[in-house]
Amino acid sequence: MSRAYWIVGSGRMGLSLGSVLATSEGTSEVLLVGRRERAPEHSVLRQPVARYTHGFPGPPARGTRVLLAVPDGAITEVAAGVAALGAPGERCVALHLSGAQPAGILAPLAERGYAIGSLHPLQTVADPQSGAERLRDAFFTFEGDSEARGAAAEIVEAAEGRLLELHAADKPRYHAACVFASNYVVACAAVATRLLAEAVSISQEEAARALQPLWRGAVQNLDQLGITRALTGPVARGDVETLRGHLAVLDADTRELYRQLALRALDLSRQLGLDAAVADAIEAELRA
Ligand SMILES: NC(=O)c1ccc[n+]([C@@H]2O[C@H](COP(=O)([O-])OP(=O)(O)OC[C@H]3O[C@@H](n4cnc5c(N)ncnc54)[C@H](OP(=O)(O)O)[C@@H]3O)[C@@H](O)[C@H]2O)c1
């Protein structure tokens, strides 16, 4: 069966998913719809089934899957724009890609006859040139109509990914999980870079380079050993003196962040079998 896709928004995720779909067997068309006159410079547009159009060509034909790959704050406006194109052909599907917004924000499209859903890639894509590779094997979460689920499953299959389903009410909790796993890892990296640069009197760039093997090692440990066994460091070792030394030199904001993260590390350390009296002493120090 041949499948036609419209991807509205030629940013990081739109181009990355476009590449996955344009090289997938069964795709007859990938139409990238953008608001700029010039097509983006991206390898997806060298695929025979892919092309770029400035603005919408008219309502989509029967069976078209319309992916709204625009920032979360623009989804409502873009959905209204697609709805204003008029009635789509039969069995069209509209999916947005936000992890935070419910499928229900596509209600104007449901009223037009689209099946609606949200399909969120559990992956971070900062560079669209390598985005397709990043999406392979990724997990995706779906929420929405049962008719839209089939289209979502085909997209996930094209990425050789895995599909998880969730309810709209659980999206904020779900998205908070994603933010911890991705954005706040970056935020922690920024704190570490600043402290190292200050301690060793080097630039932020040098500090970031020096920390890279440590970040890679931590992620590899997570991958190879699982969360609990990946934890090393003073909390896992029960080293109260070292923790006290850290708390003594950090500014108030960083100390608060450190305390909260150390308490989470302490939970893991207890599970790992840290002596209960030592764990209690650490907790008292962190909550002082
Ligand atoms: N990147 C990720 O890691 C990631 C991961 C999971 C999910 N997502 C989701 O994917 C969606 C897109 O994110 P992204 O990272 O690809 O964003 P992005 O790189 O900023 O690209 C957004 C695209 O939307 C276009 N756009 C912005 N406002 C628009 C409007 N009002 N009307 C029409 N087009 C508009 C932009 O066009 P111009 O080029 O003209 O500005 C750009 O092509 C979001 O829902 C996001 O939550 C992203």
Side-chain angles (χ1 to χ4, degrees), residues 5-22 30-45 50-57 60 65-85 93-106 108-109 116-144 148 151-152 155-156 158-159 161-164 166 168 171-187 189:
Y5 295 93
W6 281 15
I7 300 182
V8 187
S10 310
R12 290 165 291 193
M13 195 47 81
L15 291 167
S16 305
L17 267 178
S19 298
V20 167
L21 295 168
V30 173
L31 184 67
L32 289 152
V33 184
R35 57 183 178 176
R36 294 173 194 251
E37 280 191 28
R38 281 190 59 174
E41 296 281 334
H42 193 275
S43 56
V44 63
L45 290 168
R51 69 191 170 90
Y52 176 84
T53 170
H54 170 225
F56 294 103
R65 284 98 163 133
V66 180
L67 309 188
L68 277 65
V70 295
D72 291 16
I75 293 172
T76 307
E77 174 196 335
V78 172
V82 174
L85 298 172
V93 175
L95 298 168
H96 73 66
L97 307 175
S98 166
Q101 296 295 327
I105 61 169
L106 301 182
L109 293 172
I116 58 166
S118 74
L119 179 66
H120 181 244
L122 242 173
Q123 179 55 289
T124 168
V125 170
D127 176 7
Q129 300 301 338
S130 56
E133 206 38 55
R134 278 281 177 94
L135 289 174
R136 302 237 178 249
D137 288 337
F139 281 71
F140 291 68
T141 45
F142 172 78
E143 179 260 313
I155 295 168
V156 174
R162 298 262 302 271
L163 186 65
L164 301 170
L166 85 163
K171 278 201 107 169
R173 180 181 292 269
Y174 159 76
H175 197 241
C178 302
V179 166
F180 268 112
S182 169
N183 311 151
Y184 295 163
V185 171
V186 177

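When a ligand or atom number is given, it counts from 1 through the structure's own listing order.
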Ala74 N/O to ligand 1 N/O under 3.5 Å: no

Side-chain H-bond candidate by donor/acceptor type, Lys171 with Ser118, under 3.5 Å: yes

Ligand 1 contacted by Gly99 (non-hydrogen, < 4.0 Å): no

Atom 46 (C) of ligand 1: the protein heavy-atom neighbour that sits closest, reported with distance to 0.1 Å: Asp72 OD1, 3.5 Å

N/O separation below 3.5 Å, Gly11 to ligand 1: yes

Heteroatom proximity flag, Met13 to ligand 1, N/O under 3.5 Å: yes

Protein heavy atom at shortest distance from atom 11 (C) of ligand 1: Val70 O, 3.4 Å

Aromatic contact, Phe142 with His120 (centres under 6.0 Å): no

Min N/O separation Ser10 to ligand 1 under 3.5 Å: yes

Separation between CG of Leu95 and CD1 of Ile116, rounded to the nearest 0.5 Å: 9.5 Å

Heavy-atom gap Pro71 to ligand 1 smaller than 4.0 Å: yes

Residue of the set Leu97, Val33, Thr76, Ile75 for which side-chain contact (heavy atoms from CB on, under 4.5 Å) holds with Leu68: Ile75

Side chains of Tyr52 and Ser10, donor plus acceptor under 3.5 Å: no

Donor-acceptor contact below 3.5 Å, side chain Ser19 vs main chain Leu15: yes

Proximity flag Gln101 to ligand 1, non-hydrogen atoms under 4.0 Å: no

Residues that Arg162 engages under salt bridge (Lys or Arg N to Asp or Glu O under 4.0 Å), provided they are two or more places apart: none

Polar contact flag for Val125 and ligand 1 (N/O pairs, less than 3.5 Å): yes

